[in-house]
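Remarks on the structure that follows.
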2 protein chains.
Amino acid sequence: MALRAADPESKSGGRDRILRAAYELFCRFGTRGVGVDTVVAKAKVAKMTLYRHFATKDDLILATLQRREQLWTREWLQDEVSRRADTPAGQMLAVFDVFGEWFAAAELEGCTFINTMIEFEATDHPVRLASVQHLANIRNFLRDLAAAAGVDDPDGFSRKWHILMKGSIISAMEGDRLAARRAQEIGELLLERHAVAAA
Amino acid sequence: MALRAADPESKSGGRDRILRAAYELFCRFGTRGVGVDTVVAKAKVAKMTLYRHFATKDDLILATLQRREQLWTREWLQDEVSRRADTPAGQMLAVFDVFGEWFAAAELEGCTFINTMIEFEATDHPVRLASVQHLANIRNFLRDLAAAAGVDDPDGFSRKWHILMKGSIISAMEGDRLAARRAQEIGELLLERHAVAAA
DNA sequence: CTGCCACGAGACAGGTCGGTCACCTTCATC
DNA sequence: GATGAAGGTGACCGACCTGTCTCGTGGCAG
């Protein structure tokens, strides 16, 4: 059997190029706004190569959502937050420092998980279910931070924090460049009220 | 000239039936998810009748957004809020009582203005600009309430309140039935901190 | 050299999209 | 009854969609 096929982590493999192209396009223009032809054109790949690696477009979308969690949730948000603060409460507040720099970017693509959830209105659609799960994974990260910060109800607290994050993202998409700072001020109030020791 | 054409407010006129059908379909399934054929089928109207009243589908979308502001923002949200509380601060908090009943509904269509803004990624698209404006109109309502409640910075306060509203709507779409109550608790904190007298 | 297979290029199928057109019925007015 | 406009009917257009299929080619294994 061919060596390249036996190596699923092949860097310049067709699957990876397709996934990278789809990720950029879907995050920026939405999944409904981008056709598979556009994806294969950007990936410089034959259409059949795409369908050899992904059964349907929905499968490709699910893969891009996983890539988004890897690149955005973990390697960007969580890593940046960990780098910027030591205490759990300080890391929760740092979320909005990171958001502040994100919102300052010229074109804000928004939260891919929210965007995709809204694009698929059927509540039992696999893509929508996956988007909801990826959002829940972000919330779990917040819940662990809240627990470490010593709040009474980490789950409830993380859900409130997530409301601030999602609301500020929508506001930033509307054009409010200060949305992150506003959400952070609310977060400070929340911590002040519920945490033993704020940052 | 014909009488019916001279009466733009004709109740059972074709334009109104089309607009009602488009409103229900677009709010529930999004604008990209519904074709004009589906609209004319639901309105029981000929396709040419639609294009005699609306130049393009985008024009129809703009009209449905205005209808949404009339029915949702004004006749539902603002009227319900006014009915439930007397003080400005109490009315701001009542927003989340109304949301709580809304979120309990079986199928939550979400905020049409947010959904439509996300559907049109081009920041200068007329439909996106209209969605952003309709969101700003909601915020202006909040700003007036905040000013009446005697907060220092009504504009900034209303933007924070709007973050809570939008974040709670997204959370409710994910399935959190208690999202309204969570946002309300945060709102109580905000009022406690910034308003002279809470409800 | 020969066979194999991943891949590229591109046509193709079947459907839906937004939007247009020609033709016909209905109905109020003169 | 004649006239004229509004609206219904259904065909139609070009563009785009997802997904399939064929054919050609290049590189690697035996």
Side-chain angles (χ1 to χ4, degrees), chain A residues 1-22 25-26 29-64 116 119-122 125-127, chain B residues 1-23 25-26 28-65 116 119-122 125-128:
Chain A
M1 51 187 72
L3 283 182
R4 285 194 295 179
D7 178 12
E9 300 297 336
S10 173
K11 289 301 181 298
S12 57
R15 187 181 198 278
D16 207 64
R17 278 222 313 283
I18 294 164
L19 191 50
R20 287 171 191 271
L25 290 169
F26 288 164
F29 303 110
T31 60
R32 276 188 149 98
V34 176
V36 290
D37 294 292
T38 309
V39 174
V40 302
K42 186 179 178 69
K44 295 198 192 84
V45 140
K47 207 177 195 177
M48 269 310 293
T49 306
L50 187 155
Y51 280 102
R52 215 175 294 125
H53 291 294
F54 304 95
T56 63
K57 187 190 179 183
D58 283 353
D59 273 22
L60 177 59
I61 295 172
L62 290 172
T64 61
T116 308
E119 274 190 314
F120 290 80
E121 70 281 345
H125 193 290
V127 173
Chain B
M1 54 187 71
L3 284 182
R4 285 195 294 180
D7 179 13
E9 298 297 336
S10 173
K11 289 301 183 296
S12 57
R15 186 180 198 278
D16 206 63
R17 279 223 312 284
I18 295 164
L19 191 50
R20 286 172 192 272
Y23 174 78
L25 289 169
F26 287 164
R28 179 133 46 196
F29 303 110
T31 60
R32 275 189 150 97
V34 176
V36 289
D37 295 292
T38 309
V39 174
V40 302
K42 185 178 177 71
K44 295 199 192 87
V45 140
K47 206 175 192 178
M48 270 310 293
T49 308
L50 187 155
Y51 281 102
R52 216 175 291 124
H53 291 292
F54 305 93
T56 63
K57 187 189 180 184
D58 283 353
D59 273 24
L60 178 59
I61 295 171
L62 290 172
T64 60
L65 290 180
T116 308
E119 274 190 313
F120 290 80
E121 71 281 345
H125 193 291
V127 173
R128 178 163 177 140

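Note on naming: letters A, B, ... go to the chains in the order of the sequence lines (proteins, then strands), and numbering restarts at 1 for each one.
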E119(A) CD - dC17(D) C1' separation (whole Å): 15 Å
Beyond-backbone contact of Y51(A) with V36(A), side-chain heavy atoms, under 4.5 angstrom: yes
Flag, side chain of E119(B) to backbone of G30(B), donor-acceptor distance under 3.5 Å: no
Interface residues of residues 31-42 of chain B with DNA chain C (non-hydrogen, below 4.0 angstrom): V34(B), G35(B), V36(B)
Integer-rounded Å distance: dT20(D) P and K57(A) NZ: 15 Å
Residues touching DNA chain C, which here means a heavy atom under 4.0 Å, drawn from residues 47-54 of chain A: T49(A), R52(A), H53(A)
Atom-pair distance (CG on D16(A); P on dC7(C)), nearest Å: 12 Å
Steps toward side chain to side chain contact (heavy atoms under 4.5 Å, CB included) verdict (D58(A), H125(A)): CA-CA 10 Å; D58(A) 283 353; H125(A) 193 290; 3.4 Å; yes
F29(B) vs T38(B) side-chain heavy atoms within contact, under 4.5 Å: no
From K57(A), K47(A), K42(A), residue fulfilling salt bridge (Lys or Arg N to Asp or Glu O under 4.0 Å) relative to D37(A): K47(A)
Contact check, side chains of V40(A) and I18(A), non-hydrogen atoms, under 4.5 Å: no
Any T31(B) side-chain heavy atom under 4.5 Å of F120(B) side chain: yes
Spacing between R15(B) atom CZ and dG7(D) atom C1', to the nearest angstrom: 16 Å
Heavy-atom check, side chain of L62(B) versus side chain of V127(B), under 4.5 Å: yes
Length of the NZ-P vector between K44(A) and dG10(C), whole Å: 15 Å
